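Below, each value reflects all heavy atoms present in this structure, side chains not excepted, and no hydrogens, waters or symmetry copies. Computed from a predicted model, the values in this text were never measured in an experiment.
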Amino acid sequence: MQREIYLDNSATTPVLEEVAQAMEPYWSVQYGNPSSPHMRGVAAEKTLNHARRTLGELLGVSPNELYFTASGTEANNIAIQGMAAIPHLRKNPGHIITTAVEHPAVLHVVRYLETLGWKATYLPVDKAGRIDPESLKESLRPETRMVSIMLVNNELGTIMPYREISRIIQDANNGRQNPIILHCDAVQALGKIPVDIAALGCHMATFSAHKIGGPKGVGLLYVKRGTPLRPIMYGGGQERGLRPGTENVPGIVGLTKAVTLALENLNANAAHMHRLREALLERLMSIPDAAVNSPRDGAPHILNVRFAGIRGEVLIHFLEQKRIYAAMGAACSSKSKGRSHVLEACGLNSDEILSSIRLSLAPDLSLDDMAYAADALAETVGEIRQIYR
Ligand SMILES: Cc1ncc(COP(=O)(O)O)c(C=O)c1O
């Protein structure tokens with residue numbers, strides 16, 4: 001059978017064997033509802049508490065500051081809409097700052113707030129997809145209530161300048177009656193670069209299990225103690241009322257195992273993926289009229305490239321025939337056929353945007369896989385150029 005190479009790990013990853021094993025007992029043996037008063041429920045509640053404590057230790061925060069959610073998207077919605085649901089802000093919508101390159105799970109929530117009367121600023125980015133911290137400083141207003149900026153961009157791998165961002169917010173909050181809440185979408189950062197919540201200086205941070213070898217449909221929201229927030233859904237009061245709904249116990253066990261492995265192996269995995277990306281990049285840049293969109297100093301798992309005159313969409317379908325799986329950009333926007341808002345914000349022209357593809361890596365890939373994929377890409381680019389000449 002033809003070799004298969006999966007280069008779409010920013011869309012999702014396969015569940016790691018150890019994660020699947022850790023989850024196994026919680027499907028049909030230890031299946032209790034953590035809210036049930038009998039021993040099955042109590043056992044499930046203990047499992048949940050243990051998971052929260054483990055994650056608290058791993059992330060360097062209090063377990064009480066962690067909330068399990070049904071996805072990264074849901075965590076982002078609770079963070080942003082939950083802030084806007086505070087009674088005085090519901091009556092007097094304020095100003096929110098985000099960036100032009102956020103994931104739709106932030107961007108579309110901010111657009112929704114605009115329909116409620118909020119004012120929004122979408123910070124521009126440079127060619128590498130990075131904001132200028134000065135532009136954040138200049139955008140702050142007395143009525144600014146929240147700043148939501150991702151740590152690692154999901155299309156380019158760009159790392160946002162968080163040291164400056166957190167300093168600006170800290171300075172702005174000095175003496176402010178209503179502090180500006182800083183929210184960080186760290187979904188693409190965890191397990192790829194160090195994520196130190198205290199150093200980020202954020203009040204809220206979002207994570208998702210399925211980008212790091214965990215199951216789909218489980219997210220995690222960090223909320224710093226004292227951060228004002230209201231639920232956006234109502235129900236049985238689980239997760240201290242912030243995210244009602246019976247907890248996904250197997251999923252939460254899987255998330256905890258995936259985060260444990262990702263952080264235990266962070267340095268080795270990051271160094272390995274960095275080597276893979278460099279090797280892939282070097283080979284791809286020898287293809288005529290190739291260019292790279294990702295910054296060299298980005299997170300190690302994402303490489304966004306383009307080949308002049310070739311539609312990314314066509315290239316991806318040709319690669320698929322060779323069992324090499326890549327993406328146009330974010331999985332959600334690829335399907336909707338929209339042009340990448342990220343590459344557009346970076347100033348790429350229409351042809352450049354449409355010719356771009358994202359290759360995203362995982363630690364289980366090898367240098368040999370990179371050589372194989374790069375050769376297949378070079379061959380495919382040649383084939384397409386022949387056909388469309
Ligand atoms: C940066 C970023 N934020 C949020 C999400 C959404 O996470 P989930 O798929 O768990 O809803 C993704 C997933 O692609 C992402 O890359």
Peer 1: By the salt bridge (charged side-chain N to carboxylate O under 4.0 Å, His left out) test, which pairs, at least two apart or in different chains, include something from residues 366-384?
Peer 2: Arg3-Asp368, Arg3-Asp369, Arg283-Asp375, Lys322-Glu379, Lys322-Glu383
Peer 1: By side-chain contact (heavy atoms from CB on, under 4.5 Å), which residues pair with Asp289, not counting sequence neighbours?
Peer 2: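 If we apply the side-chain contact (heavy atoms from CB on, under 4.5 Å) test to Asp289, skipping adjacent residues, the hits are Ala308, Arg385.
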Peer 1: Apart from Val19 itself, which Ile, Leu, Val, Met, Phe, Trp or Tyr residues share its cluster (side-chain heavy atoms under 4.5 Å, direct or through members)?
Peer 2: Val15, Leu16, Met23, Trp27, Leu261
Peer 1: Does anything in residues 260-275 form a salt bridge (charged side-chain N to carboxylate O under 4.0 Å, His left out)? List the pairs, not counting sequence neighbours.
Peer 2: none
Peer 1: Return the set of residues passing side chain to side chain donor-acceptor pair (under 3.5 Å) with Gln30 (not counting sequence neighbours), or none when no residue passes.
Peer 2: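 Residues passing side chain to side chain donor-acceptor pair (under 3.5 Å) with Gln30: none at all.
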Peer 1: Does Glu65 use its side chain to pair, donor to acceptor, with the backbone of Ser62 at less than 3.5 Å?
Peer 2: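 Yes; at least one donor-acceptor contact below 3.5 Å.
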Peer 1: For Asn9, what residues pass the side chain to side chain donor-acceptor pair (under 3.5 Å) criterion, not counting sequence neighbours?
Peer 2: none
Peer 1: Do Ser350 and Arg339 have a side chain donor and acceptor closer than 3.5 Å?
Peer 2: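 Result is yes, a qualifying pair exists.
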Peer 1: Mind checking side chain to side chain donor-acceptor pair (under 3.5 Å) for Tyr122 and listing every partner two or more places apart, or none if nothing turns up?
Peer 2: Glu114
Peer 1: What I want to check is whether the side chains of Asn76 and His103 have a donor and an acceptor closer together than 3.5 Å.
Peer 2: no
Peer 1: Applying salt bridge (charged side-chain N to carboxylate O under 4.0 Å, His left out) as the test, list every pair that has at least one member in residues 231-249; sequence neighbours left out.
Peer 2: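 Residue pairs with at least one partner in residues 231-249: Arg52-Glu239, Glu74-Arg243.
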Peer 1: Tell me, please, which residues at least two apart from Ser28 pass side chain to side chain donor-acceptor pair (under 3.5 Å).
Peer 2: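 Ser28: no side chain to side chain donor-acceptor pair (under 3.5 Å) contacts found.
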Peer 1: Taking only residues two or more places apart in sequence, or in another chain, which ones meet Thr227 in a side-chain contact (heavy atoms from CB on, under 4.5 Å)?
Peer 2: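 Checked Thr227 against side-chain contact (heavy atoms from CB on, under 4.5 Å); matches are Ile181, His203, Met204, Val223, Lys224.
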Peer 1: Applying side-chain contact (heavy atoms from CB on, under 4.5 Å), can you list everything that pairs with Leu266, at least two apart in sequence or on another chain?
Peer 2: Pro194
Peer 1: Not counting sequence neighbours, which residues clear side-chain contact (heavy atoms from CB on, under 4.5 Å) with Thr54? List them please.
Peer 2: His50, Leu58, Thr256, Thr260
